[in-house]
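What you see below is based on every heavy atom in this structure, not just the backbone, and it leaves out hydrogens, waters and symmetry mates. Residues take their numbers from the sequence shown, with the count starting at 1.
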Amino acid sequence: QVQLVESGGGLVQAGGSLRLSCAASGRTFSDYSMGWFRQAPGKEREFVAAVSRSGTITRYADSVKGRFTISRDNAKNTMSLQMNSLKPEDTGVYYCAADLSIVLTVSPDYWGQGTQVTVSS
């Protein structure tokens with residue numbers, strides 16, 4: 001079992017940047033594939049980005065590709081999401097997620113509590 005805590009959300013103007021962080025505790029961090037999901041008001045939760053257990057392979061939703069960068073530091077049990085060129089449609093609650101798998105699934109085993117990201121126009 002692993003516990004996940006997100007931080008770094010906030011209010012930013014369109015075109016600005018934010019960096020989200022996820023701190024993990026409980027079991028060996030490197031056993032988990034990691035990633036981020038987000039949920040806007042009235043919409044379903046959607047995949048944003050994922051990183052492999054080694055940190056060498058990443059994948060992104062088409063809507064954020066080229067603007068967001070996911071990374072992890074297994075020595076510090078942390079994962080980050082650097083978000084640049086933010087758009088109002090990026091607004092939502094961002095959730096850190098973890099899976100006991102080599103690949104992050106659509107239904108991760110563990111979730112953080114979420115952190116609010118609001119992008120104003």
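Closest of all the heavy-atom pairs between Pro108 and Ala98 is CB-O, 3.6 Å. The shortest heavy-atom contact between Leu81 and Ala49 is CD1-CB, 4.1 Å. Of all non-hydrogen atoms in Ser101 and Arg53, the two that sit nearest each other are O-CD, 3.7 Å. Closest non-hydrogen pair, Gly9 versus Val117, comes out as CA-CG2, 4.2 Å. Of all heavy-atom pairs spanning Ser85 and Ser17, the tightest one is N-OG, 4.3 Å.
In this structure, the side chain of Gln113 engages the main chain of Glu6 through a donor-acceptor pair within 3.5 Å. A donor-acceptor contact shorter than 3.5 Å is absent between the side chain of Ser21 and the backbone of Ser80. No donor-acceptor distance shorter than 3.5 angstrom exists from the side chain of Asp109 to the backbone of Asp99, with no hydrogens or angles considered. Side chain of Gln82 to backbone of Arg19: no donor-acceptor contact under 3.5 angstrom is found.
Under the 4.0 Å criterion applied to side-chain N and carboxylate O atoms, Lys65 and Asp62 are assigned as salt-bridge partners.
When each of Asp73, Val2, Asn74 is tested with Phe29 by the rule side-chain contact (heavy atoms from CB on, under 4.5 Å), just one qualifies, namely Asn74.
Residues Met34 and Ile70 have side chains not in contact (no heavy-atom distance under 4.5 Å, counting atoms from C-beta outward). In this structure, the side chains of Val51 and Met79 come closer than 4.5 Å at one or more pairs of heavy atoms. In this structure, Leu104 and Tyr32 have side chains that are not in contact, with every pair of non-hydrogen atoms separated by 4.5 Å or more. Residues Met83 and Val64 fail the side-chain proximity criterion, which asks for heavy atoms closer than 4.5 Å. Put simply, the side chain of Tyr95 reaches to within 4.5 Å of the side chain of Arg45, judged on heavy atoms. With contacts defined as side-chain heavy-atom distances shorter than 4.5 Å, the pair Phe47/Thr105 does not qualify. Inter-residue side-chain proximity for Trp111 and Cys96 is flagged as unmet; no heavy-atom pair is nearer than 4.5 Å. Side-chain contact check for Arg59 versus Val103: some heavy-atom pair is nearer than 4.5 Å.
Taken from CD in Gln39 to CD in Gln116, the straight-line distance is 11.0 Å, to the nearest 0.5 Å. Atoms CG and CZ, from Leu20 and Phe68 in turn, are 8.0 Å apart once rounded to the nearest 0.5 Å. Distance check: Ser120 OG to Leu86 CG gives 10.0 Å after rounding to the nearest 0.5 Å. Distance CZ/Arg72 to OG/Ser54: 8.0 Å, rounded to 0.5 Å.
The side chain to side chain donor-acceptor pair (under 3.5 Å) check on Glu89 picks up nothing, with sequence neighbours excluded.
Placement of Leu4 and Phe37 in two distinct hydrophobic clusters is found when ILVMFWY residues are connected by side-chain heavy-atom separations under 4.5 Å, directly or transitively. Linking Ile, Leu, Val, Met, Phe, Trp and Tyr whenever their side-chain heavy atoms come within less than 4.5 Å leaves Val93 and Val12 in two separate clusters.
Around the CG atom of Leu11, the shell of radius 6.0 Å holds more than 12 heavy atoms that belong to other residues, nucleotides or ligands.
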